[in-house]
Amino acid sequence: MMIVMKPTADEQEVAAVVQRIESVGARAHVVVGDELTIIGAIGDREHVARLDLEGAPGVERMVPILKPYKLASSQFRHGQRTVLDIAGRKLGGEHFAMIAGPCTVESREQTLETAHAVNAAGATMFRGGAYKPRTSPYAFQGLGQEGLRLLSEAKEQTGLPIVTELMDLRDLDDVLEVADVIQIGARNMQNYSLLTEVGRSGRPTLLKRGLSSTLEELLMAAEYVLKEGNESLILCERGMRTFETAYRFTLDLTAIPVLKELSHLPVVVDPSHAAGRRDLVTPLSLAAAAAGADGIIVEVHPRPEEAICDGPQALVAGEFGYYMERVQAAAAVAGKVLSETRLAA
Ligand code: PEP
Ligand code: MN
């Protein structure tokens, strides 16, 4: 349920509504907008149904949130989009973010070389996995804590915020030492205890859509993070499983405008895992940017033929500058500006 306060409502009136919501065992999420304050009452349906705030001081009206996801819904923000500020880099609204880096942190040389290359080309953030969700338990599983250390060195040297995946709750504290954005991978999209803890951590989070998940399932997973009070959440379309086998997954471009219609959260696209092939990464990135994505997360390697993981889909670091220029032009078509450029301006 949403309680829309009158434009004249004061702090005491808002506090009284919050108290009333909590007294029936629901949680209150206060969103102070430019013109209106909206209070979300989130909890068990029976608890929320017991609220009767029509006519209470400062209350304009009560509006039910019709979708099963509440805090993630566009309705909850009255059409206002969420814009995140991640270590000074904006993402969402008119701000387009380019998150680039290797699939996995392999070595000091490979990590730093890639970080410097993508930074020089104007990337907004650096990605790289220290913990890797591999299909085979016999495949390289990531460098773990040593990988995190190399990521923090990359951050120190370039200033780029770090996006890195968390797979296991036992690694949360270590990942929090380094990650500006915690990535929840496609395979963990519905790992609800992981989502809850990441929500409690308050750290910006990038949530990838599961391999065969509907948009509603993605938004319900987002709700687990938001419900813990973590509003810094990014949704990521990374390709889904279809009957087609000519490429790795099928990038669902339609998800971009539809997620933005259903939710106020920013939407980024991962063309690398969708394509599985380097030659497809540029066209998919251009399409995603032109369709209104708030950013791209893409794999880059200095020597993809030597990559331990996902080499065939990695862009070559030396060619990344030209790729960036083209994607920026496509983002401009959708009215967006690269956030790093804005920072420098
Ligand atoms: C990744 O980003 O390296 C990754 C493993 O992605 P996904 O979870 O989308 O497969
Ligand atoms: Mn990968």
Side-chain angles (χ1 to χ4, degrees), residues 97-106 110-111 114 118 123 125-137 139-144 147-148 150-151 161-168 171 175 179-191 194-195 198 204-213 215 217-218 221-222 225 233-242 247-252 255-256 259 267-278 280-281 284-285 288 293 295-317:
M98 177 61 77
I99 306 166
C103 176
T104 181
V105 174
E106 298 170 10
Q110 168 253 12
T111 304
T114 315
V118 301
M125 295 182 227
F126 186 58
R127 66 146 288 154
Y131 300 97
K132 296 303 302 177
R134 302 304 301 277
T135 302
S136 165
F140 176 68
Q141 305 286 309
L143 289 180
L148 294 176
L150 293 173
L151 287 171
I162 301 295
V163 181
T164 196
E165 178 161 354
L166 172 72
M167 288 177 32
D168 187 321
D171 301 315
V175 168
D180 294 284
V181 178
I182 298 176
Q183 177 174 320
I184 299 294
R187 289 154 190 83
N188 268 319
M189 186 201 88
Q190 289 178 309
N191 183 337
L194 195 60
L195 296 173
V198 163
T205 299
L206 184 146
L207 177 62
K208 290 190 150 194
R209 179 182 183 183
L211 310 188
S212 304
S213 298
L215 297 185
E217 286 163 342
L218 171 61
V225 178
L233 189 57
I234 306 159
L235 304 172
C236 179
E237 160 60 30
R238 48 79 71 209
M240 55 183 190
R241 174 113 328 135
T242 66
Y247 29 86
R248 198 172 175 187
F249 292 96
T250 299
L251 184 67
D252 182 9
I256 303 165
L259 280 174
V267 178
V268 308
V269 168
D270 173 347
S272 306
H273 291 89
R277 283 169 36 187
R278 181 173 313 115
L280 299 179
V281 169
L284 294 184
S285 304
I296 300 273
I297 176 164
V298 69
E299 291 186 345
V300 181
H301 196 286
R303 289 165 295 282
E305 66 289 354
E306 292 173 15
I308 296 178
C309 177
D310 284 349
Q313 69 196 32
L315 295 177
V316 185

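Counting convention: from 1, in listed order, for ligands and their atoms alike. Computed from heavy atoms alone, side chains included, the values below leave out hydrogens, waters and symmetry copies.
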Q.
Out of all atoms in ligand 1, which are within 4.0 Å of some heavy atom of G185? Include the element for each.
A. 8 (O)

Q: Please confirm whether the backbone N or O of G239 pairs with a side-chain atom of E237, one donor and one acceptor, at under 3.5 Å?
A: yes

Q. Do any nitrogen or oxygen atoms of R127 come within less than 3.5 Å of a nitrogen or oxygen of ligand 1?
A. yes

Q) Under 3.5 Å, is there a donor-acceptor pair between the side chain of Q141 and the main chain of A139? A) yes

Q. If you measure from each non-hydrogen atom of P133 to ligand 1, which part falls under 4.0 Å: side chain, backbone, both or neither?
A. side chain

(Q) With a 4.0 Å cut-off on N to O distance, would you call D310 and R248 a salt bridge? (A) yes

Q) Hey, does the side chain of R238 reach the backbone of K208 with a donor-acceptor pair shorter than 3.5 angstrom? A) no

(Q) I'd like to know if R209 contacts ligand 1, where contact means a heavy-atom distance under 4.0 Å to any ligand atom. (A) no

Q) Does T104 use its side chain to pair, donor to acceptor, with the backbone of G129 at less than 3.5 Å? A) yes

Q) Where the side chain of R209 meets the backbone of S213, is there a donor-acceptor pair that is under 3.5 Å apart? A) yes

Q | Per-atom contacts, ligand 1 versus E299 - under 4.0 Å to a heavy atom | A | 3 (O)

Q: Around atom 4 (C) of ligand 1, find the nearest protein heavy atom and jot down its residue, atom name and distance.
A: H273 NE2, 3.5 Å

**Q.** Lys/Arg-Asp/Glu bridge criterion (N-O < 4.0 Å) met for E299, R127
**A.** yes

**Q.** Tally of protein N, O or S atoms, where distance to the Mn ion (ligand 2) is under 2.8 Å
**A.** 4

Q. In the protein, which heavy atom is nearest to atom 6 (O) of ligand 1, and how far is it?
A. K208 NZ, 2.9 Å

Q.
Among all the protein's non-hydrogen atoms, which is closest to atom 8 (O) of ligand 1, and how far away is it?
A. A186 N, 2.8 Å

For residues 182-190, please give each side-chain donor-acceptor pair under 3.5 Å, one per line with the distance, not counting sequence neighbours.
unit_1: N188; atom_1: OD1; unit_2: N191; atom_2: ND2; d: 3.1
unit_1: Q190; atom_1: NE2; unit_2: Y192; atom_2: OH; d: 3.4

Q. Which residue and non-hydrogen atom of the protein lie closest to atom 9 (O) of ligand 1, and at what distance in Å?
A. R238 NE, 2.6 Å

Q. Is a donor on one side and an acceptor on the other found under 3.5 Å between the side chain of T164 and the backbone of G128?
A. yes

Q | Those atoms of ligand 1 less than 4.0 Å from some heavy atom in R187 | A | 7 (P), 8 (O), 10 (O)

Q.
With respect to D270, determine whether any N or O atom, backbone or side chain, lies less than 3.5 Å from an N or O atom of ligand 1.
A. no

Q. About how many Å separate CE of M98 and CZ of F126, when rounded to the nearest 0.5 Å?
A. 14.5 Å

Q) What is the minimum heavy-atom distance between A288 and I296, and which atoms define it? A) CB-CD1, 4.0 Å

